[in-house]
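Counting starts at 1 for both ligands and their atoms, in listed order. Only this structure's heavy atoms are used, side chains among them; waters, hydrogens and symmetry mates stay out.
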Amino acid sequence: MANYLVRCRQCGKIFGKEYKLFKCSCGGVLEVLIDIMNSKWSVGKDAEGIFRYSSLLPDLPQQISLGEGKTPILAKSSDGLTFYFKLEYLNPTGSFKDRGSAIAVSKAVELGVSEVLEDSSGNTGISISAYAARAGIKARIYVPSDIPLGKYLLIKSFGAEVVRAGTRDEASRKVLSDLSDEGYYIGHTWNPYFIEGTKTFAYEVYEVLKSVDYVITPVASGTLLLGVWKGFNELVELGLTSSTPKLVGVQACGYDSLNNYLSNVITTECVEPTSLADAIRLTNAPRLPYIADAIRRSEGFLAVVNDELIIKALKELYGMGLAVEPTSAAAYAAFKLVRKELSGKVLIPLTGSGLKYVGGVESPLYKVFVSGPN
Ligand SMILES: [Zn+2]
């Protein structure tokens with residue numbers, strides 16, 4: 001496993017591996033820096049899940065895995081453009097978050113904590129709960145009050161305590177105000193180890209496709225986009241590839257927080273805030289300036305989509321046999337919106353599973369496919 005250090009992105013202060021707080025004393029976001037110069041690319045054959053890339057992952061005494069990663073890549077073509085779906089919704093708890101949870105919960109085990117606290121729209125809460133169950137530690141998850149029923153039930157089923165806390169932004173505030181000395185805040189919006197897990201997405205893309213020209217990623221807290229950026233940059237540093245993909249960040253109407261940071265934006269008409277893309281309804285993500293910076297440096301841009309485009313994209317995806325959640329359809333909707341801007345190989349991660357939405361008449365899937373206009 002690789003040597004690493006933890007550094008504040010704001011003031012540059014360096015922390016030891018035993019540091020338990022989620023941010024720097026200056027308020028800055030922390031990041032893990034891997035000693036790439038003394039590491040090498042190697043893929044372990046017998047390791048579980050993403051730990052097959054452990055030569056480039058932080059050195060952790062215990063590896064908590066549920067077999068995450070190695071998700072399929074499906075090739076498609078449209079009007080002479082080849083694009084690829086990476087089926088991240090086939091991870092153990094139905095989202096790419098499992099990559100991040102594997103590393104973040106392994107780190108929590110190393111720190112010796114008995115309980116982890118997390119705020120989440122649902123997917124990360126489910127994922128952290130499952131990995132905490134695997135590790136034998138408690139989890140307390142703060143969720144928006146209107147969390148889809150299927151997501152709520154899954155968190156409860158993994159044995160976590162669930163706190164309903166108003167909007168998604170209010171859940172972020174409540175978890176921090178409830179934090180005591182005993183609880184370990186593992187929150188993915190801050191946790192530097194989480195990104196070490198999501199970066200394995202880039203490694204897998206490299207293994208199969210070598211390089212891609214664009215990656216189109218839904219953005220709330222930015223853990224996938226930042227992981228993709230970090231992973232590809234590490235591959236460049238290792239000399240395995242010469243270029244990084246252009247990043248297209250995708251947000252939904254009413255929650256386009258990156259608009260304040262970027263000038264390169266393609267947007268649809270926004271009349272109503274999205275009610276469908278529940279996994280990206282966050283506006284106060286601590287890493288927003290760094291997400292914007294990654295998009296800018298990659299020469300990418302922001303795309304903003306509305307529910308009308310998301311519904312169309314969702315129907316097309318189900319028409320292809322892909323059981324995704326509406327937020328994943330936001331990425332495909334953005335692909336269709338910005339299609340003329342793209343060339344080369346385009347990759348669209350399908351981030352979350354639609355199977356979590358089997359929840360009666362309140363389910364967005366019910367509204368789109370059963371009761372909605374056809
Ligand atoms: Zn600092």
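By the salt bridge (Lys or Arg N to Asp or Glu O under 4.0 Å) test, Asp35 is found to be paired with no residue, residues two or more places apart in sequence or in another chain being considered. Residues meeting the salt bridge (Lys or Arg N to Asp or Glu O under 4.0 Å) test with Lys336, sequence neighbours left out: Glu316. Every ring-ring contact (aromatic ring centres under 6.0 Å, His included) that Phe85 has, sequence neighbours left out, goes to Phe83, Tyr332.
Side-chain contact between Leu262 and Ile295: present, with at least one pair of heavy atoms (C-beta onward) separated by less than 4.5 Å.
Judged by a 6.0 Å distance limit and a 45° cone about the ring axis, Arg164 is positioned over the six-membered ring of Tyr152.
By the criterion of a separation under 2.8 Å, the protein N/O/S atoms near the Zn ion (ligand 1) amount to Cys8 SG, Cys11 SG, Cys24 SG, Cys26 SG.
Looking at Lys13, Arg7, Lys230 one by one, the single match for salt bridge (Lys or Arg N to Asp or Glu O under 4.0 Å) with Glu31 turns out to be Arg7.
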